[in-house]
Amino acid sequence: MATYKPLHDWTNISPTDAVALQQQLRSQIRIEPLTATPQTIAGCDISFNKFEETVYAGIVVLNLETLETIEEVGVISSATFPYVPGLLSFREIPSLLEAWQKLKTEPDVVMFDGQGIAHPRRIGIASHGGLFLNRPTFGCAKSVLVGKYEEPAPERGSWSPMTHYKDVVGAALRTKNKVNPVYVSPGHLIDLETAINLTLRCDGGRRGYGYRIPEPTRRTHNLVNALRRGERKAD
DNA sequence: GCGACAG
DNA sequence: ATCTTGTCGC
């Protein structure tokens, strides 16, 4: 039901072709403030068994105000591209788009489990996905791909900019007191400050009593793992 | 040339 | 990412 813009094919692409595609697409990415107040936010993720090509992809949409789950979809597909640092989108986006099409709700903003412009060519999975979904997207990763930063203060909410070749590409953000930071970077049609604020708003619990991983990603992670273990059915 | 390297 | 028990620290 939810649609997207098929900017290019995902099959028969070699790693070399993928890099060329990223170079071609990067100029279309827009880092700017939101043009409307978002009411809903979606999280997306995939899961799979080691050494197997079957992938379990899912998307969970939540009410940004209450954080209640509005809708969730899960699909079983297969990966055709291997995991290559810097080319994650080519491995995960195809199945995520299959899940996206099952959505009845059109999320106002989408959070990805990976980088946005904090990428060697400034087009990580959140940016690439944003171009296809044609709406605000950002990345919230558990580790760094590129960029350096000063350790942020130990309190939830503190953050420090991540720099890569003189460009501020993201931020190391503390989502919980005294816990390792997450790495936030704008994907498309959003700016860093907004991405940081949205990430902090997605904390499960009051007063930072939630988890390190923001709710959209955390819930989707649980969903796709349950799908993989057969504890839940696909849509 | 030697490491680093989202999920 | 996935495979897994106990263990250190607030």
Side-chain angles (χ1 to χ4, degrees), chain A residues 10 15 18-19 22 26 29 43-60 74 76-97 99 110-130 137-149 153-156 162-165 167 169-188 192 195 199 205 207-214 216-231:
Chain A
W10 296 95
V19 171
Q22 292 182 320
R26 61 182 300 181
I29 296 168
C44 48
D45 191 24
I46 71 167
S47 177
F48 55 83
N49 288 310
K50 203 173 184 179
F51 303 131
E52 288 183 13
E53 71 300 322
T54 300
V55 300
Y56 304 82
I59 295 177
V60 175
I76 299 178
S77 183
S78 56
T80 58
F81 202 91
Y83 167 68
V84 178
L87 301 179
L88 180 65
S89 59
F90 293 87
R91 176 176 176 71
E92 304 198 348
I93 290 185
S95 49
L96 288 177
L97 289 177
V110 183
M111 172 188 286
F112 281 79
D113 188 9
Q115 316 294 340
I117 60 172
H119 177 281
R121 288 170 293 284
R122 307 286 182 270
I123 180 167
I125 188 170
S127 299
H128 199 159
T137 59
F138 66 96
C140 183
K142 299 179 291 300
S143 60
V144 177
L145 207 209
V146 298
K148 295 181 179 300
Y149 66 94
E155 297 75 37
R156 162 182 158 76
M162 291 180 69
T163 304
H164 184 57
Y165 283 93
D167 288 343
V169 296
L173 172 68
R174 203 79 73 182
T175 52
K176 252 177 93 68
N177 293 168
K178 302 174 184 176
V179 166
N180 286 157
V182 291
Y183 306 91
V184 178
S185 61
H188 183 50
L192 178 59
T199 298
R207 303 190 189 182
Y209 265 71
Y211 301 86
R212 174 197 179 215
I213 304 303
T217 295
R218 208 178 69 79
R219 286 182 204 170
T220 309
H221 192 72
N222 289 335
L223 168 65
V224 294
N225 276 328
L227 232 193
R228 176 169 61 84
R229 296 168 187 149
E231 303 166 353

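Since we're looking at a predicted model, the values are computed, not measured. Residue numbers start from 1 in every chain, and the chains themselves are labelled A, B, ... in the order their sequence lines are given, proteins ahead of strands.
- Nearest to the side-chain atoms of Arg228(A) among the listed nucleotides dA1(C), dC5(B), dC3(C) stands dC3(C).
- When the nearest nucleotides of DNA chain C are assigned to His221(A) and Lys178(A) by heavy-atom distance, the more 5′-ward of the two goes with His221(A).
- Atom P of nucleotide dC10(C) and atom NZ of Lys176(A) are separated by 15 Å, given to the nearest angstrom.
- Using a 4.0 Å heavy-atom cutoff across all strands shown, Gly139(A) reaches no nucleic acid atom at all.
- Judged purely by distance below 3.5 Å, without hydrogens or angles, the side chains of Asn222(A) and Arg219(A) never pair a donor atom with an acceptor atom.
- Applying a 4.0 Å cut-off to non-hydrogen atoms, the residues of residues 43-57 of chain A that approach DNA chain C are Ser47(A), Phe48(A), Lys50(A), listed by residue number.
- No hydrogens or angles considered: nothing links the side chains of Thr217(A) and Asp113(A) as a donor-acceptor pair under 3.5 Å.
- The two residues Cys140(A) and Thr199(A) make their nearest non-hydrogen contact at SG-CG2, 4.1 Å.
- Residue Arg229(A) contributes atom CZ, which lies 10 Å from atom C1' of dT2(C) at whole-angstrom precision.
- Every residue two or more places apart in sequence or in another chain was checked for a salt bridge (Lys or Arg N to Asp or Glu O under 4.0 Å) with Arg91(A), and none qualifies.
- Panel note: side chain Thr137(A), backbone Gly187(A); no donor-acceptor pair is recorded below 3.5 Å.
- Taking only side-chain nitrogens and oxygens, Asn225(A) comes nearer than 4.0 Å to OP1 or OP2 of dT2(C).
- In this structure, the side chain of Gln115(A) engages the main chain of Ser143(A) through a donor-acceptor pair within 3.5 Å.
- Between His128(A) and Phe90(A), the angle of the ring planes goes over 60°, which puts this pair in the perpendicular group of the 30/60° scheme.
- A donor-acceptor contact shorter than 3.5 Å links the side chain of Arg212(A) to the backbone of Asn180(A).
- Distances shown here put a side-chain N or O of Ser143(A) below 4.0 Å from the OP1 or OP2 atom of dG7(B).
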Exercise for the section: Represent DNA chain B in dot-bracket notation, 5' to 3'. Only Watson-Crick or G-U wobble pairs with both distances under 3.5 Å count; pseudoknot-style crossings use [ ] and interstrand partners use |. Expected result: .......
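- Contacts of Val144(A) with the nucleic acid, taken as non-hydrogen atoms under 4.0 Å apart, involve only primed sugar atoms and P, OP1 or OP2.
- Put simply, the side chain of His188(A) never gets that close to the backbone of Ala126(A): no donor and acceptor are under 3.5 Å apart.
- Tyr83(A) does not qualify as a stacking partner of the dA1(C) base, lacking a centre-to-centre distance under 5.5 Å together with planes within 30°.
- If you measure from atom CG of Leu145(A) to atom C1' of dG7(B), you get 10 Å, rounded to the nearest angstrom.
- Residues Ile46(A) and Ser95(A) share a closest heavy-atom pair of CG2-OG, 4.0 Å.
- Between the CG atom of Leu87(A) and the P atom of dA4(B) there is a distance of 20 Å, rounded to whole Å.
- The distance from atom NE2 of His164(A) to atom P of dA6(B) is 13 Å, rounded to the nearest whole Å.
- Across all strands, His128(A) comes closer than 4.0 Å to no nucleic acid atom at all (heavy-atom distances).
- The separation between Lys142(A) atom NZ and dC5(B) atom C1' is 15 Å, rounded to whole Å.
- Rounded to a whole Å, the CD atom of Gln115(A) is 13 Å from the P atom of dA1(C).
- Residue Leu96(A) contributes atom CG, which lies 14 Å from atom P of dG7(B) at whole-angstrom precision.
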